[in-house]
Amino acid sequence: MDNKTKKFIQEHLNDDVIKLGLQSHRHSDIDIQLAIRQISGLQKVKNKIPSFYNNHDLLFPKQLSIEQSSSEITAKYKASLFSGETFADLTGGFGIDFYFIYQQFNSGIYIEIDKELCELAERNFKTLNINSYTISNANSIDYIEEMQNVDLIYIDPHRRSNTGKKTIKISDCEPDVSLLYDKLLQKAPNVMVKLSPMLDIHQAISDLPTTKEVHIISVDNECKEILMILKDENIKTDNLKHNSVIIKTINYTKSGKEELFEYTFEEEKVSKPEYADLPLRYLYEPNASIMKSGAFKTIASRFNLKKFHANTHLYTSNEVNTDFPGRIFIINEVYNNSKTDVKRLSCNIPKANISTRNFLMSADEFRKKTGIKDGGDIYLFAFKTHTEKYIIASCRKV
């Protein structure tokens, strides 16, 4: 990029790139196609990867590569898990994960099948002051056969079909790690696999039987990634070991808080929480990572909370526990699901945030039935208790 193009990019950072493209004849003195790609890339990484947004010398790839890349917050989390001499990223892509993981290693190996991404990485790594690295334009499956031993292998299988549709199953991804994990563990004692947040965790452990840890990462209560940590221990996971796999959950809240929680399937299996038929003073809603993990009984036992129903994943207590990994509400009033109470509810609360759990209808159906508008600072939870009662709790955030 010459200085004139850089200046144009900074002046049009917030412009509509489609309109800029239609006006390209007005800017014959700059590389408008490069500028548009840069502006589009900067718009996408502004909140997702702020470190890259603030570096004006980086070149951005095509749109899909940015969309598929990790966010800065999830890349930093992955980087915090391992350190050592050398690591290999078998699916380099735009290089977000490579860049942050590299901070914990003395050298890195970047492997990518797309030649253009390799060329971008070669340029951007110098801009990012990455000094000790190797770039290979190769298919990761072929590269594994000849690669040197490293301390960590990271792989983020491509999760789109030939038609562009997102895939979820490990066997539908490219490469299929369920066919490669033995080879990967011959090259590194630790393998970290990034997978779809929609994936069934139990099935994933069965597909990758050397799994020792599962990490579920959420940002602002939205599940973003599942990480499978494979270890070279020469013992594959049977049913007993399946239950002893460590499940680690984390949610990064908007306020900057890190909500951490870990458990095993065995702990969940033996946990016996108490049940409440009516709400106590406080209501608890687990964050997205815990909901994804399935720690529904463990979370109650660990925080001394009462559960409402086996399939109603809301909890209650008389004492507030601010360490709870999720949202906490103070209960103002409780309504039955009778016509009289629903009518009274509609009159008392014209606007609220509505959630239904294990209830007779969806939140949208409940809103339509009651005529309550969306928004405000009141939260309504409609759910079933363990004695098959349907109730509605009116709450405010703690």
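Values below: every heavy atom of this structure, side chains too, minus hydrogens, waters and symmetry copies.
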Does one side chain, of Tyr77 or Glu72, offer a donor that lies under 3.5 Å from an acceptor on the other? no

Where does the angle between the aromatic ring planes of Phe296 and His313 fall among parallel (under 30°), tilted (30 to 60°) and perpendicular (over 60°)? parallel

Strictly distance-based, threshold 3.5 Å: is any side-chain N or O of Arg357 a donor or acceptor partner for the main-chain N or O of Thr312? no

Quick one: does any side-chain atom of Asp341 pair with a main-chain N or O of Asn337 as donor and acceptor, under 3.5 Å? no

Judged by atom type as modelled, is there a donor-acceptor pair below 3.5 Å linking the side chain of Ser394 to the main-chain atoms of Leu380? no

Please confirm whether the backbone N or O of Gln10 pairs with a side-chain atom of Gln38, one donor and one acceptor, at under 3.5 Å? no

Ile392-Ile349 co-clustered via ILVMFWY side chain contacts under 4.5 Å: yes

Any donor-acceptor pair under 3.5 Å from Ser40 side chain to Arg37 backbone: no

Can we say Arg367 and Glu365 salt-bridge, meaning some charged N sits less than 4.0 Å from an Asp/Glu carboxylate O? no

Distance only, no hydrogens: is a donor on one side chain within 3.5 Å (strictly under) of an acceptor on the other, for Asp2 and Thr5? yes

Is any side-chain heavy atom of Phe265 less than 4.5 Å from a side-chain heavy atom of Ile201? yes

The single option from Asp89, Asp97, Asp156 that satisfies salt bridge (Lys or Arg N to Asp or Glu O under 4.0 Å) with Lys78 is Asp97

Before accepting this row, confirm whether a basic side-chain N of the pair Glu388/Lys384 lies closer than 4.0 Å to the acidic partner's carboxylate O. yes

Regarding Asp364 and Ser362, do their side chains bring together a donor and an acceptor under 3.5 Å, going by distance alone? no

Output the distance between atom OG (Ser70) and atom NZ (Lys76), rounded to the nearest 0.5 Å. 13.5 Å

Using atom types as modelled and distance alone, determine if a side-chain donor or acceptor of Ser289 lies under 3.5 Å from a backbone N or O of Ile216. yes

Measuring from Leu227:CG to Tyr154:OH, what's the distance to the nearest 0.5 Å? 7.0 Å

Indicate whether the side chain of Thr86 and that of Ser107 have a donor and an acceptor atom separated by less than 3.5 Å. yes

Check: Ser218/Tyr252 side-chain N/O donor and acceptor closer than 3.5 Å: no

Phe98 vs Phe125, test: ring pair (Phe, Tyr, Trp, His ring centres under 6.0 Å). Steps then yes/no. CA-CA 10 Å; Phe98 182 92; Phe125 288 172; 4.8 Å; yes

Do Asp207 and Gln203 get their side chains close enough for a donor-acceptor pair, meaning under 3.5 Å? yes

Less than 4.0 angstrom from a charged side-chain N to a carboxylate O is my criterion; do Lys297 and Glu267 meet it? no

Test side-chain hydrogen bond (donor to acceptor under 3.5 Å, both in side chains), reference Asp377, set Arg396, Lys397, Lys351, output is Arg396

Taking the side chain from Tyr110 and the backbone from Gly93, do they hold a donor-acceptor pair closer than 3.5 Å? yes

Side-chain donor-acceptor pair under 3.5 Å between Thr298 and Glu268, yes or no? yes

